Every structure is written in structure tokens, then in C-alpha cells.
2 protein chains.
Amino acid sequence: MKPSIPKGTRDFSPEEVARRNYIFDSIKRNFALYGFQPIETPSFENSDTLMGKYGEEGDRLIFKILNSGDYLSKVDATLYSEKDSQKITSKISEKALRYDLTVPFARYVVQHQNEITFPFKRYQIQPVWRADRPQKGRFREFYQCDADVVGSKSLWQEVEFIQLYDAVFSELGLKGVIIKINNRKILAGIAETIGAEDKLIDFTVALDKLDKIGEEGVKREMREKGIPEEALTKLQPLFSMKGTALKQLESLKQLLNNSKIGIQGVEELEFISKTIEALGLQTSFFQIDVTLARGLNYYTGAIIEVSAPEEVNMGSIGGGGRYDDLTGIFGLKDMSGMGISFGLDRIYLVLDELNLFPETVSENSKALFINFGENEALYAMTAIKNLRQKGIAVEMYPDSAKMGKQMGYADKRNIPFTILAGESEMKGQIFTLKNMKTGEQQSLDFEGLKNALKN
Amino acid sequence: MKPSIPKGTRDFSPEEVARRNYIFDSIKRNFALYGFQPIETPSFENSDTLMGKYGEEGDRLIFKILNSGDYLSKVDATLYSEKDSQKITSKISEKALRYDLTVPFARYVVQHQNEITFPFKRYQIQPVWRADRPQKGRFREFYQCDADVVGSKSLWQEVEFIQLYDAVFSELGLKGVIIKINNRKILAGIAETIGAEDKLIDFTVALDKLDKIGEEGVKREMREKGIPEEALTKLQPLFSMKGTALKQLESLKQLLNNSKIGIQGVEELEFISKTIEALGLQTSFFQIDVTLARGLNYYTGAIIEVSAPEEVNMGSIGGGGRYDDLTGIFGLKDMSGMGISFGLDRIYLVLDELNLFPETVSENSKALFINFGENEALYAMTAIKNLRQKGIAVEMYPDSAKMGKQMGYADKRNIPFTILAGESEMKGQIFTLKNMKTGEQQSLDFEGLKNALKN
């Protein structure tokens with residue numbers, strides 16, 4: 001019986017944890033620099049907090065927790081006799097694992113509204129669970145890294161979130177990510193302009209394929225979905241939007257000049273684009289992308305998506321947008337907000353593919369003291385204690401095993417130095433420091449040893 | 001409908017997260033200094049990995065996850081008609097939330113034994129879940145902070161874990177914790193000596209009450225449990241053990257001189273005590289405590305427990321011990337190990353009660369730029385961008401609201417400085433820095449501002 005873990009879940013080795021923490025730490029440091037503060041919510045929520053918030057498909061993918069004790073006794077006989085899993089679930093399960101961090105955040109804001117100072121800038125980095133079919137890069141347990149601000153409609157927030165993406169990816173050495181922006185109001189304006197408000201989703205799904213199937217392919221798909229020829233003619237400018245963000249917005253303004261909401265969307269993007277241009281980005285590209293339609297049922301203003309640099313075939317590594325009524329589902333109205341998310345697992349894959357993880361990212365001991373027996377070990381342990389108090393990570397091989405075994409251990413653990421302190425070293429109150437890479441040895445007193453390991 | 005969270009779970013506010021992280025960070029830093037490396041395991045395991053490992057009561061307290069889809073279709077009609085919750089559980093639930101970090105660690109070691117370099121020193125800081133009745137200080141979701149080493153029987157590990165406890169609590173400013181040690185072999189030796197091997201638990205439970213009910217009370221309870229008078233006479237030295245650890249071990253040696261295992265336990269504690277005495281502890285007390293019997297069914301050698309300083313009424317804030325067969329349950333024999341755990345929630349309460357959290361523990365912005373309108377905001381945002389790149393956390397109020405509102409926000413958020421940059425400041429390329437505590441104002445150029453905020 002070889003032990004295993006549930007499909008879609010993962011064990012993380014020390015190396016992997018260190019690399020993941022490298023990403024988390026960069027995200028957290030920048031969240032804090034931008035004034036966001038961390039909160040945490042429970043892993044499971046009351047089912048009625050989560051159910052019905054993610055659509056029918058989402059509800060199915062929520063992991064439900066079985067009630068404790070004699071849970072079946074609460075199912076009445078008639079219902080029980082139907083043996084209908086769906087109907088019985090709510091009787092035998094009252095709690096569920098969180099599906100994302102957004103709904104728990106909304107619940108948190110409403111529940112704690114009297115303790116919170118608005119605008120409330122929070123970040124949250126915690127695992128979420130989805131009973132999705134596992135596949136490459138899709139897991140049943142994964143971390144979300146979210147920053148949101150609620151309680152203000154200011155467009156400066158859009159500006160800051162774009163800068164925040166740029167700051168994190170620049171710090172991680174991931175240059176050339178593409179930060180794409182759209183606005184729900186522009187999509188609404190387009191639909192209004194072509195008289196197809198009801199076909200907004202079909203329309204954006206088709207438009208989204210422009211890169212892949214070309215202008216003619218997109219038009220064919222739109223025709224199939226019942227978008228009239230006249231509308232396609234009106235849409236022509238969308239297929240040939242070129243140049244800077246501000247130039248593209250100029251074309252959009254003309255296209256949407258009869259739609260009040262459309263013009264509003266264009267003006268919002270104008271403010272954001274101008275400001276981003278004035279402030280500059282460190283290493284990222286900024287683009288208008290009217291095909292961007294993520295979270296369409298959810299976002300009400302800006303929609304943002306970040307793509308990995310073009311040389312990596314990975315797609316979105318982050319995204320977010322503005323929502324006008326996040327907390328309405330829990331009874332607190334008029335709480336406009338905006339949030340973004342970092343896709344940890346994909347960022348990990350990208351950094352790995354581009355060899356961007358620093359070599360020193362692993363937490364590892366600086367040196368291993370070889371164990372020569374009880375007296376020598378006590379001499380070693382006294383030095384170890386003092387080195388640790390100076391913040392230098394060192395350890396001793398626990399047993400006085402053969403030298404080869406102890407050296408092999410240092411080698412396999414990638415510990416860069418070993419320290420030999422046998423009888424003769426004890427007499428001279430010195431230590432022999434061996435560089436495991438070069439084989440070079442040095443005789444040092446404690447001060448010398450400390451200084452050698454500090455660097 | 002006011003939103004709420006399941007009983008026994010908690011939301012953590014930014015202050016609480018910061019304080020918890022202050023403790024976690026100290027524990028992690030010291031784990032790393034002592035050569036431990038982090039791993040992470042999934043939140044849920046296959047049920048058969050967990051079930052049967054914690055006794056009947058433990059099994060009951062494990063949170064089970066309901067299978068997805070039409071889970072009832074897999075329950076055959078006969079079994080279903082019995083409507084027996086306990087019998088049906090294993091048919092409708094294949095996964096369960098982890099109950100501790102020890103069993104998942106054992107599973108990890110066995111599953112990854114070919115990738116691991118032994119002795120394997122790992123730490124793991126993750127939440128665990130128990131369907132326990134919630135009460136003060138007991139939660140259904142809480143973090144465990146464990147460090148273990150497997151693959152060596154060396155007593156140096158006991159020594160290092162004691163030093164590790166001392167290092168963490170000293171760093172946290174929690175002086176005077178009491179690190180108590182016992183040894184399973186001593187308890188076995190006592191039972192052997194008094195001829196009551198089968199009454200080991202009754203015996204230790206009674207002995208444990210010595211502080212509360214006194215020598216006569218303990219003896220009365222032992223008599224009630226059927227421990228013979230003759231045994232009580234033999235045990236007399238246990239009631240009057242005084243003096244240093246080494247002196248107490250001397251009395252134990254006499255008491256147990258006919259028990260091989262007992263003497264072995266005493267000798268182990270002798271080595272540990274002598275070494276700890278030679279190395280010294282920073283701020284903690286070290287005590288032999290033969291009444292210590294935690295994890296009796298589990299530990300095979302040293303048993304350790306850490307109590308909060310005497311002025312705090314809290315009890316154990318950490319504990320651990322040596323086990324000889326952790327991974328045997330998953331088929332890997334002869335893997336001796338030792339581990340300890342830090343009780344985060346109790347440590348939090350103790351630090352809070354003794355006012356030991358540093359005031360600066362919260363992640364917070366250094367300054368809030370007041371928003372005077374679009375042009376001024378752009379001027380501010382340029383400075384903000386440059387300050388953030390220097391690692392200084394600052395933010396701007398998102399809307400050009402009334403001054404009082406913006407100042408009030410800085411005040412409520414405890415942001416120590418506000419920065420005013422209106423038309424006149426823009427002209428002079430300066431900033432007015434206001435200390436929110438003293439009301440003092442300074443006119444500074446960007447360099448001056450940067451230096452003022454850096455300190």
C-alpha cells in the first residue's frame with residue numbers, strides 16, 4: 001500500500017516551498033508598499049455564504065463538508081427515500097471550502113463594516129479549493145493572491161493596480177509582461193451601437209479569437225451567432241485598431257459617439273492611459289484590448305489582464321477589474337471596488353521556464369559541522385549556538401557516523417561548507433572550514449569562522 | 001441576514017494577521033537557523049491516510065469532504081436502507097481535512113523516501129481542522145507549527161529542540177518559560193518497578209495532580225485505582241524529588257536500579273541535562289518532570305512540554321517528543337524521529353497578556369498623500385512611485401475629498417504622517433510633511449521627504 005494524495009493536490013518539497021515563498025514575498029512586499037493590509041478568513045464558510053454566488057457550474061465545483069455525528073438523522077424519511085444527491089446535500093452538509101477569496105472578502109466587509117475604515121485596502125493570500133477536473137496547471141487546491149480596495153470609485157485605483165503589477169513582475173525579473181485593459185462600458189457601448197445588447201457575450205467570445213482565426217474568421221462566427229451584416233460593417237474599425245493606446249481610444253470614441261455609456265468607458269481608459277504614460281512603467285507593456293471580456297457578469301468598469309511575455313506560451317498570469325456591487329449580495333449596497341489577482345502557479349511555471357529563480361532562493365544551512373564523537377560534538381555545538389545567535393544557519397550531523405557519510409549528507413543537501421573540529425582543532429580552539437565546491441580548507445578561530453560564514 | 005462564519009472559525013483583521021505573522025516569522029527564522037526546511041502538504045488527504053490514526057475519538061473529529069456529483073449512486077440499496085451515518089460515510093466521502101501535521105508528514109516521508117536525504121529535518125506551518133466543541137482558546141481551524149527530524153536516534157536532537165524552544169521564546173521576549181522533560185522509558189521503568197505495567201496511565205494521571213492535590217491526594221487516587229500499598233511505599237522518592245535536574249536523576253537512578261529500561265531513560269536525560277547545562281539557555285528554565293505523560297501512546301523516548309512563565313495562567317504553549325516508529329503505519333520501518341510543536345494561539349494570548357507585541361508589528365503605510373485634485377494627484381503620484389521604489393510604503397487618498405475626511409482617514413488607519421502637496425508646493429517642487437501625532441509641519445524637497453520617511 002503505497003501512500004498517495006488526492007488527485008489535483010500537491011506536496012511541496014523544501015525547494016518548491018522556497019521558490020513559492022520567493023514569489024509570495026515579492027507580492028506581499030509590494031502589496032504593503034501600495035498600502036494594502038492583510039486579512040485572513042476561514043478555510044470553510046457556511047454553505048449559504050458560498051452557494052449561488054458562482055453560477056450553477058461553480059456550485060457543483062464547491063467542496064462540501066459532511067456534518068459531524070449522526071448527520072443522516074436530520075434527513076426526513078420522504079426526502080431520504082428519493083436518494084437524490086443534490087437535494088440531500090444541503091441537509092447533510094452545512095459548510096463548504098472556499099471557492100475563491102472574493103466572496104469571503106465581500107462577506108468579511110459586510111460582517112465587519114463597523115470596524116473597517118473605508119476606503120478599505122486589503123490583500124489576502126490563501127488557498128482555495130475547486131472540485132474541477134485536474135489537468136496540467138489546474139489543481140483542486142491552489143493559492144489565490146488578491147488585492148482589493150472597496151469604498152471608492154476613484155480611477156487612481158486602476159492606475160495604482162497597473163503600477164502594482166509592473167512593480168511585482170519587474171522585481172521578479174519577469175520583463176515584458178503585457179498589461180491589457182478594457183472597460184465593461186466600452187463593451188456595453190459596442191453592443192448598444194450595433195443593436196445587439198443581448199449578444200454581448202457571443203460577440204466578445206468571437207472577437208477574442210481575432211489573433212487566432214483572423215478578421216474573416218471572426219466575422220463568420222459573428223454571422224453564425226446571428227449578428228447582422230449591418231452591425232459587422234459598423235464594427236469594421238475594431239478590426240483595424242492600431243497605434244498607441246490614445247490613438248485607439250480616439251477611434252473608439254468615433255465608433256461609440258452615440259453611446260453615452262460607451263463614451264464614458266473610453267474616457268475612463270483615456271484618464272488611465274494618459275496617467276500611466278505620464279508616470280511610466282518599469283518593464284511592462286500597457287495595451288488597450290477591446291476583446292478582453294473576463295468576468296463579464298461581474299465587472300462593471302475596468303477589466304485588466306496580464307499576459308506572460310510573448311516568448312512564453314502561458315496566457316494570463318493575473319487579472320482583475322472594477323465591480324460596483326461586490327457586497328450587495330450580503331446586503332451592503334453602493335460599495336464600489338476594484339481588485340486584482342496574481343496567478344501564483346502560472347507565475348511559478350514562467351519563472352522556472354525562463355530560469356528567473358535566484359539560485360539562493362532556498363533556505364539552507366550555511367555549514368554542516370562534522371560529528372567526531374561526544375566531546376567534539378559539544379565543542380561544535382558551543383560554536384553552533386553562538387553562530388545561530390548571530391543569525392547564521394548551521395547544523396551538526398547528529399551521529400558520529402563515518403566521514404564519507406557525513407560529507408555525502410552535506411553534498412546531497414547542497415550545504416556549501418563543512419566544518420571539521422576534531423581533537424587537534426579543540427586543542428588550538430580553532431575550526432577547519434572546508435568549501436564543498438572547491439575543496440579548499442582554512443583554519444580559523446571562532447571570529448574568523450563567523451566572518452567567513454557571514455558572507 | 002447578517003453574514004457570519006462557522007462556529008470555531010475566525011476572521012483575522014490586519015492587526016491580528018500582523019501579530020500572528022510576527023510569531024510565525026520568529027518561529028520560521030529559528031527553524032531555518034537550526035537547519036530545518038519547509039514542506040507543505042495538501043489540506044485534504046485520502047480518508048484512509050487519516051482514519052484510524054488518532055483513535056476512535058480522533059476519527060470522529062476529522063472533517064470529511066463529501067464526494068462530488070451523484071455521490072449517493074455509489075451506496076448500494078441495502079446499506080442505504082439502514083440509514084446508518086457511520087457506515088455510509090466511507091461510501092460518500094473519500095477525502096478528509098487534515099487533523100494534524102504529523103500523520104501527513106509520515107505519509108510524505110514514506111511517499112517521497114527516495115527523494116529525501118536522511119536525517120530529514122523538516123518544518124511545516126499550516127492549518128489543521130478538528131470538529132471539536134469550540135471553547136475559549138480551542139478552535140475548529142488552527143495552525144500547527146511543527147519541526148521534526150527523522151532518520152536518527154541521536155540525543156543531540158533532544159538537546160537542539162530544547163535550545164530551539166529557548167531561542168524562539170527568548171526572541172519573542174517571553175522570558176522564563178519552563179521547558180519540562182520526561183522520558184517514556186522512565187515511566188515504563190517506574191511501572192515495572194512497582195509491578196503495575198498495566199496501570200501506567202492511571203498512575204501518571206494521578207501523579208500529574210501532585211501540585212494540585214498534594215502527596216496524600218495523589219496516593220488516595222492511586223489506591224482507588226488499585227495500585228498496591230507496597231508500590232506506593234516504593235514510589236516515596238518520587239514525591240520528594242528536589243534540587244537540580246542532575247540531583248533528581250540521581251534519586252531516580254536509585255529508585256529504578258532494577259529496571260533496565262528505566263535506567264536507560266535516566267541516562268538519556270542525564271546526557272541531555274548535562275549538555276544543556278554546559279551550553280546554557282538564554283532565558284528559559286529547564287526541569288525534569290516525571291509526571292509529564294503527554295502523547296503516552298505515541299512517544300517512545302523523550303517527552304517535552306513548555307509552560308508559559310508562572311505569572312501567566314495558560315499551561316502548555318508547546319510540546320513534543322521522540323517516537324521510534326512514526327512511518328511504520330505507512331510501511332516504512334525503523335525510522336526514529338523526534339519533533340516539537342509551537343502552540344500559536346496560546347503564544348499569541350500570552351504575548352498579548354504580557355504586552356510583548358512590538359508596537360510596530362503592523363504593516364502600515366508611512367504616509368498618506370492628501371488628494372487635492374487631478375493635477376496635484378499626478379504630482380503626488382510621481383513622488384509616491386519613487387518612494388515605493390525606495391521601499392517606502394506610502395499611499396494617496398483616492399478621492400479629492402474634504403481635507404477633514406482625508407485627515408480622519410490617516411488618523412483612523414494610524415498612518416503616522418500626511419503629506420500636503422497643493423498648488424504652491426507644486427510650484428516650489430516641495431512637499432509639506434505633517435506629523436500626525438505632534439502636528440508639526442516641515443517643507444521638504446523630494447530628497448528631504450525620502451530621508452524623513454526612511455527613519
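Since the structure is predicted, the reported quantities are computational estimates derived from the model, not experimental observations. Throughout, a chain's letter reflects where its sequence line sits, starting with A, and its residues are numbered from 1.
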Contacting region of S4(B) [heavy-atom separation from chain A under 4.5 Å]
both
Listed partners of L33(B) passing side chain to side chain contact (heavy atoms under 4.5 Å, CB included), at least two apart
R388(A), A393(A), N30(B)
Taking NZ, NE, NH1 and NH2 as the nitrogens, is one of them in E141(A) or R10(A) under 4.0 Å from a carboxylate oxygen of the other?
no
Carboxylate-amine/guanidinium proximity below 4.0 Å for K412(B) and E115(A)
no
Leading residue by heavy atom contact count with chain B [cutoff under 4.5 Å; candidates I384(A), T275(A), T89(A), V110(A)]:
T89(A)
Honestly, the part of F118(B) sitting under 4.5 Å from a heavy atom of chain A is backbone
For K121(A), is it the side chain, the backbone, both or neither that has a heavy atom under 4.5 Å from a heavy atom of chain B?
side chain
Please look at A278(B) and chain A and tell me whether the side chain, the backbone, both or neither of the residue comes under 4.5 angstrom of a heavy atom of that chain.
side chain
Which answer fits K95(B), side chain, backbone, both or neither, if we ask what part of it has an atom under 4.5 Å from a heavy atom of chain A?
side chain
Interchain contact, E160(B) with chain A, by part (heavy-atom threshold 4.5 Å):
side chain
Structural part of N364(A) lying under 4.5 Å from a heavy atom of chain B
both
Chain B contact via Q163(A) - which portion, at a heavy-atom distance below 4.5 Å
side chain
Kindly assign one of parallel, tilted or perpendicular to the pair Y397(B) and Y409(B), based on the angle between their ring planes and the thresholds 30° and 60°.
perpendicular
State which residues pass side chain to side chain donor-acceptor pair (under 3.5 Å) with E94(B); sequence neighbours excluded, sorted by chain then number.
none
What part of L97(B) gets closer than 4.5 Å to chain A, counting heavy atoms only: side chain, backbone, both or neither?
side chain
Does any heavy atom of chain B fall under 4.5 Å from the side chain of A96(A), the backbone, both, or neither of them?
neither
Between D11(B), V17(B), T9(B), I5(B), which shows the greatest number of heavy-atom pairs under 4.5 Å with chain A?
D11(B)
